[in-house]
There are 2 protein chains.
Amino acid sequence: MGMMTIGKLASATGVKVTTIRYYECIDLLPEPDRSKSGQRLYDQNAVERLAFIRHARDLGFSVKTVRELISLQVEPDRDCAVVDQIARRQLGEVRRRLTQLEALEAELKRMVSACEGGRIGTCSVLASLSDHETCLADDHAGAEVLASSPSLKA
Amino acid sequence: MGMMTIGKLASATGVKVTTIRYYECIDLLPEPDRSKSGQRLYDQNAVERLAFIRHARDLGFSVKTVRELISLQVEPDRDCAVVDQIARRQLGEVRRRLTQLEALEAELKRMVSACEGGRIGTCSVLASLSDHETCLADDHAGAEVLASSPSLKA
DNA sequence: CCTACAGTCTACAGTAACTGTAGACACAAG
DNA sequence: CTTGTGTCTACAGTTACTGTAGACTGTAGG
């Protein structure tokens, strides 16, 4: 249970091998020891740190913020309020996005149920997309809610 | 009300000037006419097309999908089911993300309310980030839900 | 011992959907 | 006529990875 290769670390944490190397590259993970042939060797510490990173990323914290959290971890005497504030900010973001997504869900649901299988020329889905008057918030609201998200290659 | 410059089009649709040029570059918008000095000139058609694009993007459709929808618009005799299916797929995605975000909200809320303002060394927020056992879905679930989203530079 | 074959290495290019920058030209108001 | 804002092109930068090429390493079977 001492040292493990990058592949083991990957399966232990659910983070892809390439992503681990990427994290090292951007100094989110420290450079690990190497075997005599040059392969990376990790210990239990690395597992914990990577799990921390992954969990924070899963919660939507940016890499920048994760870096911040890690640097805070190192100085355990500072005031906890900093961390609390970061978490609250994140919660605020999540709630904002929830609200937007709920609006999107409503509109998509309406679009789909309005479709009664005619020809495209009369398709109500396309009609409601064209119609920017009946839009949720007319000019500038729910932009980029889902856009450019890796899990949304619709 | 005939021809407008790119800036007018931008304010008419809420899409940034640079983004409009970008859409032209990736052939989402056709090349517009130019004034004798070379400035882009748009008509009401362009406003409608761009509004359509923006609305679809706001709803989370990828650029690729938007392109698909536009090409479908051109042939109004085809079966509406294609469009319906795209919208349903999108609705599915939105619902999946809603579920994930709700889980994230719950966890962040728990983290924040558990924080009682001590020192970082004992901070429960950092503790729950480190603790990958109490994670939502232990090994591979809510990854990249918010990650790399432009509106989330936490 | 030899041969597959999976795992690892580096370095770099590609992805999505823009955003920002630099330097030059255009147009309207005062 | 100047000032300021708008527009032009072309290209680099952003975020957080992912994928690829080409070479080496480590291991299990025969």
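First the proteins, then the strands, lettered A, B, ... as listed; each starts at 1. This structure is a prediction, so every number in the text was calculated from the model and none was measured.
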Those residues that, when tested against A:S37, pass side-chain hydrogen bond (donor to acceptor under 3.5 Å, both in side chains) (two or more places apart) =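 By the side-chain hydrogen bond (donor to acceptor under 3.5 Å, both in side chains) rule, A:S37 matches A:S35.
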task = For A:E24, enumerate each residue passing the side-chain hydrogen bond (donor to acceptor under 3.5 Å, both in side chains) test, keeping only those at least two apart in sequence or located in another chain.
result =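 Applying side-chain hydrogen bond (donor to acceptor under 3.5 Å, both in side chains) to A:E24 gives A:R40.
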In whole Å, what is the span from the [atom1] atom of [X] to the [atom2] atom of [N]?
X: B:L9; N: D:dG6; atom1: CG; atom2: P; value: 15 Å
X: A:M4; N: D:dG26; atom1: CE; atom2: P; value: 17 Å
X: A:I6; N: D:dT25; atom1: CD1; atom2: C1'; value: 15 Å

ask   = Near DNA chain D, under 4.0 Å by heavy atom, which residues of residues 18-28 of chain A?
value =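 Contacts with DNA chain D under 4.0 Å: A:T19, A:Y22, A:Y23.
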Partners meeting side chain to side chain contact (heavy atoms under 4.5 Å, CB included) with A:T18 (sequence neighbours left out) =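 A:T18 satisfies side chain to side chain contact (heavy atoms under 4.5 Å, CB included) with A:K16, A:R21 once adjacent residues are dropped.
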request  = Output all residues satisfying side chain to side chain contact (heavy atoms under 4.5 Å, CB included) with B:R88, sequence neighbours left out; order by chain, then residue number.
outcome  =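 Residues passing side chain to side chain contact (heavy atoms under 4.5 Å, CB included) with B:R88: A:V112, B:D84.
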Taking only side-chain N and O atoms of [X], does any of them lie within less than 4.0 angstrom of OP1 or OP2 on [N]?
X: A:T5; N: C:dG7; result: no
X: B:R40; N: D:dC8; result: yes
X: B:R67; N: C:dA17; result: no

query = What is the per-nucleotide protein-contact pattern of nucleotides 22-30 of chain C, from the 5' end, where B denotes a base atom under 4.0 Å from a protein heavy atom, S denotes such proximity for sugar-phosphate atoms only, and - denotes neither?
reply = ----SS---
ask   = What's the verdict on side-chain contact (heavy atoms from CB on, under 4.5 Å) for B:Y23 and B:V15, showing C-alpha distance, side-chain angles and the deciding distance?
value = CA-CA 10 Å; B:Y23 284 163; B:V15 179; 4.3 Å; yes
